[in-house]
Amino acid sequence: MILRILFQLVKRLAPIFLTIFFIVWLYTYYGAWDYTIKNLSEFFRLILEHFILVIISMFCAVIVGVTLGTIMTRKSMEKASSVIMAVVNVWQSVPSLGVLALAYGFLPFIGLSGIGMVPALIALFFHAVAPIVRNTYAGIESVSKDVIEAATGMGMTKKQILFQIELPNAMPVIAGGIRTSTAIIVGTAPLAFLIGGGGLGFWIFTGIALVDMGIMMAGAVPVALIAMLFDYCLGVFEKFLVSRGVRTDEIELA
Amino acid sequence: MGTMLSLQKVTKIYPGAGHIKAVDELSFDLEEGEICTLVGPSGCGKTTAMKMINRLISITSGKIIIDGKDISRLNTIELRRSIGYVIQNIGLFPNMTIGENIAIIPKLLKWDRAKIDEKVQRLLEIVNLDPDEYKDRYPKELSGGQQQRIGVARGMAGDPPIMLMDEPFGAIDPINREHLQNEFLKIQEKVKKTIVFVTHDIDEAIKMGDKICLLRDGHLVQFASPEEMLTHPKNDFVADFAGGDRTLKRLNLFTVKRAMKDNPPIINQDETIETARNLFSEINTRYLIAVNSEGRLTGMIDKQDIPGKALLVKDAVAPTNAWLTSQSSLKDGLSEIFSHDYGFLIVVDDAKKVLGWLHTEDIKETLKG
Ligand SMILES: Nc1ncnc2c1ncn2[C@@H]1O[C@H](COP(=O)(O)OP(=O)(O)OP(=O)(O)O)[C@@H](O)[C@H]1O
Ligand SMILES: [Mg+2]
């Protein structure tokens with residue numbers, strides 16, 4: 001019995017530990033550890049910039065994306081929403097590097113600098129917002145008409161229906177959108193360095209340019225760990241936000 | 001008791017449906033505390049008629065008056081909160097537990113916590129689902145029939161004076177349906193709500209309705225009490241819909257008490273056999289109903305089956321199950337008469353005190369009116 005539980009535990013945790021072990025091994029092997037210790041204050045600055053890039057762009061994308069997606073489901077918006085949806089779909093197909101390049105090239109036209117943290121944030125935001133808009137819209141649209149009819153017929157106001165029925169029931173889909181966005185943003189954030197946005201991309205690209213694996217790893221490994229951290233946090237957040245009644249059944253790993 | 005709900009030439013034409021009237025100049029009045037069953041073939045406009053009452057569907061022409069007020073002048077939200085609503089497709093809120101689903105209207109009405117909890121508990125008991133087991137489950141963890149019962153409980157939660165119920169027992173197995181129907185009628189006896197009840201099952205319409213509103217292709221064919229509709233169907237359509245066995249169906253409308261005779265051949269079980277023998281010849285009967293000193297049924301004695309050494313009636317009594325309580329339907333009464341050899345049935349009250357007896361002739365008499 002105890003052996004079985006132990007076996008299950010090992011089976012479950014082994015992949016995670018192996019991955020982390022592999023990453024740490026790479027990290028020390030190429031001397032990234034020494035490089036980081038030597039440049040500790042710069043390391044912290046880059047981490048901070050990286051977090052700012054991800055968190056601020058994601059935060060804005062969630063607020064704007066959910067709001068826009070919700071507004072699009074309102075009856076009076078039927079026509080506008082199909083147009084917005086088409087734009088969003090095209091937008092989502094633009095690759096990450098392309099979005100940054102577009103920001104770099106386009107922002108000067110509206111009197112903003114194309115270089116620095118702000119253009120990077122704007123680019124990341126636009127990149128992140130599409131899946132959230134799309135999923136919010138689809139999630140709310142997919143709430144059963146019977147459920148809405150029951151709520152309406154019982155005398156709930158539009159606002160009560162939105163906040164107590166539509167959004168909670170659409171939450172698994174919305175959360176899925178947020179997760180997709182986060183994955184994209186965490187993956188794109190290192191590229192922000194290319195338009196002067198800072199972040200851990202600095203070390204990665206420096207390492208590549210100097211063909212110094214140590215510097216590159218000193219940037220790449222924290223990026224990977226941050227990605228895992230965000231995914232984990234979102235998972236916890238999702239559990240908290242999505243009612244058990246609408247959660248899609250998780251496949252038991254045991 | 002005045003008119004609670006009044007439909008006046010209510011018509012609905014769906015946009016884009018040409019000139020087809022889903023509901024065509026429908027008029028009827030419902031007294032406070034009455035159940036009206038809307039019945040008719042699929043697509044005859046039952047749901048449409050019902051949804052115009054809580055303004056889920058706009059009225060094309062005509063008027064609906066609730067408690068003296070034209071509903072088109074009322075605040076929609078307040079109107080709907082005063083009307084319990086049970087939809088045809090259940091529509092439970094998947095994100096909320098069963099308890100939260102039922103509590104939704106009381107919460108909107110700002111009842112206090114304790115009162116809401118108590119209400120949820122009571123309603124779950126009424127619909128025959130153990131509160132402790134089901135309160136914290138989610139809708140997806142219930143069977144279709146269980147969900148429908150929660151739908152009914154949710155509709156009743158806010159104690160609305162009016163209820164609209166669209167085939168509320170449609171997905172429920174016969175045993176639970178019968179239980180729910182009876183339970184519902186029992187509650188109705190006390191709370192006297194005004195109810196519009198849609199069903200396509202004529203038996204259910206007869207059982208539940210004080211009035212039956214029979215629709216066909218959007219117009220009213222007959223609006224009458226079940227008794228009236230079964231005895232005087234307005235035309236062949238009504239007669240067909242009510243079925244060839246509509247006389248038998250009327251058996252459901254009467255209680256045993258209504259048809260029984262209250263002069264049963266009773267004898268106290270402490271009397272002597274001699275007294276019994278005299279009584280047998282005096283009233284020319286084969287069976288006597290034995291009771292104890294409190295008048296409660298103890299059994300029956302058969303003139304042809306008295307043991308030789310019996311001194312008291314008590315010694316000759318054989319137990320019997322040929323009895324029914326006075327509130328049972330005549331249908332059960334008839335069935336019970338046929339399943340015994342006595343040719344009659346003993347009618348008792350809840351304490352098993354003998355009230356009367358029932359013969360097939362009495363039933364015939366009652367059906368004749
Ligand atoms: N939204 C709608 N638009 C157009 N026509 C409709 C709409 N809803 C219902 N109808 C039509 O109106 C008529 C009455 O429909 P309704 O839903 O009231 O029938 P019903 O008596 O409730 O039937 P059932 O027993 O199948 O539930 C039907 O012919 C139906 O096709
Ligand atoms: Mg219907």
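Each chain gets a letter, A, B and so on, in the order the sequences are listed, and its residues count up from 1. None of the values given here were measured: they were computed from a predicted structure.
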Do side-chain atoms of N89(B) reach the backbone of D146(A) as a donor and acceptor pair under 3.5 angstrom?
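Checking the backbone N and O of D146(A) against the side chain of N89(B), no donor-acceptor pair under 3.5 Å is found.
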Could you tell me which portion of M156(A) (side chain, backbone, both or neither) has an atom closer than 4.5 angstrom to a non-hydrogen atom of chain B?
both
Mark yes when over 12 heavy atoms from residues, nucleotides or ligands other than [X] sit less than 6.0 Å from its [atom1]; otherwise mark no.
{"X": "F126(A)", "atom1": "CZ", "value": "no"}
{"X": "Y14(B)", "atom1": "OH", "value": "yes"}
{"X": "K145(A)", "atom1": "NZ", "value": "yes"}
{"X": "E133(B)", "atom1": "CD", "value": "yes"}
{"X": "R113(B)", "atom1": "CZ", "value": "yes"}
{"X": "E118(B)", "atom1": "CD", "value": "no"}

Any heavy-atom pair between the side chains of [Y] and [X] that's under 4.5 Å?
{"X": "R137(B)", "Y": "R244(A)", "result": "no"}
{"X": "Y138(B)", "Y": "R247(A)", "result": "no"}
{"X": "R80(B)", "Y": "T152(A)", "result": "yes"}

Looking at every non-hydrogen atom in both residues, tell me the closest pair between P94(B) and S243(A) and how far apart they are.
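So the two residues come closest at O-OG, 4.5 Å.
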For the residue pair A150(A) and G91(B), what are the closest heavy atoms and their distance?
CB-O, 3.5 Å
To the closest 0.5 Å, what do you measure between [atom1] ([X]) and [atom2] ([Y])?
{"X": "Q164(A)", "Y": "K107(B)", "atom1": "CD", "atom2": "NZ", "answer": "8.0 Å"}
{"X": "S144(A)", "Y": "F93(B)", "atom1": "OG", "atom2": "CZ", "answer": "10.5 Å"}
{"X": "T157(A)", "Y": "I77(B)", "atom1": "OG1", "atom2": "CD1", "answer": "6.0 Å"}

Contact leader toward chain A among I104(B), I90(B), L164(B), where contacts are heavy-atom pairs under 4.5 Å
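Max contact count across the listed options: I104(B).
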M154(A) pairs by side-chain contact (heavy atoms from CB on, under 4.5 Å) with which of N54(B), I105(B), L108(B)?
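That would be I105(B).
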[X] versus chain A, heavy atoms under 4.5 Å apart: side chain, backbone, both or neither?
{"X": "R55(B)", "value": "neither"}
{"X": "E78(B)", "value": "neither"}
{"X": "N101(B)", "value": "neither"}

Please assess V246(A) against K140(B) for the test side chain to side chain contact (heavy atoms under 4.5 Å, CB included), listing each intermediate value before the final yes or no.
CA-CA 8 Å; V246(A) 290; K140(B) 69 169 180 188; over 6 Å; no
